[in-house]
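Taking it in order: structure first as structure tokens, then the write-up.
A quick note: this is a predicted structure, and the numbers were derived from the prediction, not measured. To find a chain, count down the sequence lines: A is the first, B the second, and so on, and within it residues start at 1.
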Amino acid sequence: MHHFIDRRSNPKGKSLGNRQRFLRRARENIKERVDRSVRGKSIQSGSGVPDEGEKVTIPTRGLKEPRFFHSSKGGLRRHVLPGNKDFVVGDTIKRPDGGAGEGGRKASEDGDGADEFSFTLTQEEYLEILFEGLELPDLVEKATVETETIGTRRAGLTTAGTPNNLNLVRTMRNSLGRRIALQRPTTKSQRDLEEQIAELEALEERSPPQEAFLAELRQKLEGILRKRKVVGYIDPLDLRYDTFVPEKIRNSRAVVFCLMDVSGSMQEREKDLAKRFFLLLHLFLERCYEHTELVFVRHTHHAQEVDEETFFYARETGGTIVSTALEKMKEIIEERYPPDEWNIYGAQASDGENFGNDSVRCKNLLLKDLLPVSQFYAYVEIVDEAAEMLLNNPEAGEDLWQNYREVKGQAQHFEMQRVSQPGHIYPIFREFFLPKVRGAQNAGS
Amino acid sequence: MQAAEKARKPLFDGPEWTFELMEKARDAIEKIALEDLGLDVYPNQIEIISAEQMLDAYSCVGLPLMYQHWSFGKHFARDEALYRTGRQGLAYEIVINSNPCISYNMEENTMAMQTLVMAHAAFGHNHFFKNNYLFQQWTDASGIHDYLAFAKNYIAACEERYGPCAVEEVLDAAHALQSQGVFRYGRPPKPTTEELVAMQKVRDGYESGQSVLDIWTDTTLGRDKLELVEDASFSARRKQMNLPQENVLYFLEKHSPALEAWQCEILRIVRMLAQYLYPQKQTKVMNEGCATFVHYYIINKLYEQGQITEGAFMEMMHSHTNVVLQPEFDDQRYSGINPYALGFAMMQDIRRICQDPTDEDREWFPDFAGDPDWRKVMRDAWANYRDESFIQQFLSPHLIRKFKLFTLTNDADLPNLVVSQIHNRAGYKAIRRDLAKQYDLAYLEPDIQVTDADLRGDRELKLTHTVRDGIHLDEEDQEEVLKHLRRLWGYDVSLDAVETACEN
């Protein structure tokens, strides 16, 4: 007895459970590496985490599986080796460094010899670990903003319906059952009979018994034909239709507004930093909400909505009027994102320079129009690499910073931070989203 | 032979495989394997799997069903990383010692490779599993699937009941003692009927029947019996607890004061699997040698008979030569003696000694040099030896010269390594002995035994490591394992080293 079995379609993730156990075990090690990797990441394309996952290397500490085994040092041992060239008995060889000869069973036993252990996290795992411990601001809010849309759901079968909903399988099954039950003559039996009759009819002369047989056959055929007519192949009784019922589908949606200053002073470095921040925010929200949309608004002395490419890679020159971007955001919200259906997030990046007394206008726009409808608003100021002083002293700053500080004083769901290098982004991002006691002080609620 | 030389239409032409072609090839292989070589095999169940599934199978020590544990995930993660980056290929096959004998073939293989793999695994390994005495005596090929299914479910149920962390703790500890979880020399005492019943109850996990469980496990599994022993002397304990005991896991399972019934059962599972896999560890050279010899013989026969094309034959030979490559000690690729190379060479050599013996062979192997029935000699060898005894018995001077084997002595007391034997008349016997020892697990693995545990006294578990040739245990790992042991025992555990005289 021999046989072949095709197992290829079996579920693949047989090791998934083991993998999860392993990740759980290695969590701390991995988390450290993941945090470090995102800090040093350079962003080339739109997505920061490659679809195929993220390679991490972690120390084997904590992942060792100890066994009793012989030490590689000391004692007397003999090794048989192949490929003697010109040794004769009594020749001596310098002990290789480490003095272990080939006593290194440790390394071969389960590969633990290496100090580092590298493997690839899937994107999902990577993000999960990346965002572990972070939470979305105002989760309470999120539930109340969940929208209900109308969809349809299959709801069994009915006997009436439109032809496009005909369920063929069920219909044919009913038909077959009925035909068997009512003993509908098969096409074959009809054809056999017809053949026999044709055969007899083709004879030049027929003997009386043949005639009688022929008549009998004809009668039989008539019966079959009648019965086939009465018992239809498909009867209206057999028909079954799929039905659909309307259903309320709960889903929550989020939109992230990315507002960026692209005036002459925002160079590649500044944009890169801004991008890292937007990217993290986007990835994070994507995990929390079923749908996240991104709206890119850039501004100089006027603002416009653009696609991602233009947002990050085109540069303009001109003056800076920050409030234009906020007004644009307000406009877009009114047009397309009713706050009772959308979770609205704002993220703004700027180098902090603004025109004249426009910053007061920004403050008012935020307080009156934007913050009341937003879940969270984050302002990131990108300062010069050398601006240690600014980083260390939140009280110092230009006009815009000062005005925003006033905003922060009044709104809990407004956050502001300064960054000057990629390494700063992730920590401030974490700070923004670390669970805080915020209460339902959102002005909109 | 005449019929064979007639050119036939080849079984297949081209790289693509189909189930029809595989079946045809398997039939042709079977004919040669059974009628010509006289192999005796379990029914074959050949499964086609994808690369991903091969990776899965890899990480679970090649078993089709396995309980879940993070270390398998770790191995999976590493194998996968190596495979994806192209630093390590996948095995072409995995074969399981079971009845029916299950072997996995990868879908990526070409038809020629599938043919080679079938000859290798489904007939070579299969024959070895079924006939080698170690497998016959120590493993239950027809019961292993059920046992694995039981183990998987049992451990999953424990995770549910006691939490994954509690189960992981026991498994970690048991895995650390896996090498000390086998009986090397004798069978364990057979469980009595009551014990079997009790164990069944434990397995069924009657939480509600806790009281029943207590009665069974504590009295019939012999735990409380120890407490009743009036005479708590050392000799009485030795007798009572079968001391010294080399199977540490077994001892813990039976006598640990700290373990609950389900924890004992987990130890038992780990121990049973270690025991099941132990013969494979002892027969790497022979097992691979047997399979490689069988596939080599079969593909040559198929080619002679015109059943495979020259192209397919070349592809198989290419793969075959890669498998049996033995880099020399100073080659960058050298990583020890390749069991495929040594095993295959020894099998070929046995055939040569039968068919075309030299005077030297007649002197060294009077029993079978010139034996007209080399197939029978070979089958006897496969059936009755393990690596250590096989090398001790069959490694010929001819092969020692061919491999240019030499012995290097590493004495910590000396400043340098010394070449102590080379492939000359004076060295053959010593090299053979040294190489055989290199495959003797009883020598390779530390000899650690339970020597005492006074359950009426301080309850300290005393282990003894018998140090041979001055080779001690790796200290760092030793400490880690002892921590696990203390967790399982619940009281203090000590490990003493006892030196034996250096063997000359």
Q. Taking it one step at a time, do A:Asp6 and B:Phe19 satisfy side chain to side chain contact (heavy atoms under 4.5 Å, CB included)?
A. CA-CA 9 Å; A:Asp6 191 347; B:Phe19 282 102; 3.6 Å; yes

(Q) side chain to side chain contact (heavy atoms under 4.5 Å, CB included), that's the test. Do A:His79 and B:Leu417 meet it? Break it down for me. (A) CA-CA 10 Å; A:His79 307 289; B:Leu417 306 177; over 6 Å; no

(Q) What verdict does the side chain to side chain contact (heavy atoms under 4.5 Å, CB included) test give for B:His175 and A:Arg67, after you've listed the backbone C-alpha separation in whole Å, the side-chain angles of each residue and the deciding distance to 0.1 Å? (A) CA-CA 8 Å; B:His175 284 182; A:Arg67 302 274 153 92; 4.1 Å; yes

Q | Residue pair B:Leu482, A:Phe68: steps toward the side chain to side chain contact (heavy atoms under 4.5 Å, CB included) verdict | A | CA-CA 9 Å; B:Leu482 284 177; A:Phe68 282 131; 4.2 Å; yes

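In this structure, chain A has a heavy atom under 4.5 Å from the side chain of B:Asp330, while its backbone stays farther away. In this structure, chain A has heavy atoms under 4.5 Å from both the backbone and the side chain of B:Phe406. Contacts of B:Pro327 with chain A are made by backbone atoms alone, with heavy-atom separations under 4.5 Å and no side-chain atom involved. Contacts between B:Glu475 and chain A at a heavy-atom distance below 4.5 Å are absent for every atom of the residue. For B:Gln178, the part lying near chain A is the side chain, with the backbone staying farther off; criterion is any non-hydrogen pair under 4.5 Å. For a residue to count as touching a neighbouring chain, one of its non-hydrogen atoms must lie under 4.5 Å from one of that chain's; by this rule B:Ile448 touches chain A with the side chain only. For B:Asn105, no part lies under 4.5 angstrom from a heavy atom of chain A.
For chain A, the option among B:Tyr104, B:Tyr67, B:Trp17 with the highest count of heavy-atom pairs below 4.5 Å is B:Trp17. Interface summary for chain A: among B:Glu480, B:Gln326, B:Met22, the most heavy-atom pairs under 4.5 angstrom belong to B:Met22. Comparing B:Ile49, B:Ile400, B:Asn416 by how many heavy-atom pairs each has under 4.5 Å with chain A, the most go to B:Asn416.
Separation of atoms CG (B:Leu408) and CD1 (A:Ile93) is listed at 4.5 Å; rounding is to 0.5 Å. The CD1 atom of B:Ile102 sits 7.0 Å away from atom CD1 of A:Ile5, with the distance rounded to the nearest 0.5 Å. Interatomic distance, CD1 of B:Ile431 versus CZ of A:Arg78, reported as 12.0 Å (0.5 Å rounding). Distance check: A:Phe87 CZ to B:Ile422 CD1 gives 10.5 Å after rounding to the nearest 0.5 Å. Between atom CZ of residue B:Phe329 and atom NZ of residue A:Lys85 there is a gap of 5.0 Å, rounded to the nearest 0.5 Å. A:Lys73 contributes atom NZ, which lies 13.5 Å from atom CD1 of B:Ile471 (distance to the nearest 0.5 angstrom).
Heavy atoms from other residues, nucleotides or ligands lying under 6.0 Å from NZ of A:Lys188 number 12 at most.
Counting heavy atoms from C-beta outward, A:Asn18 and B:His75 have side chains that stay 4.5 Å or more apart. The shortest side-chain heavy-atom distance between A:Pro82 and B:Tyr334 falls under the 4.5 Å cut-off.
In the model, A:Arg21 has a side-chain atom that pairs as donor or acceptor with a side-chain atom of B:Gln68 under 3.5 Å.
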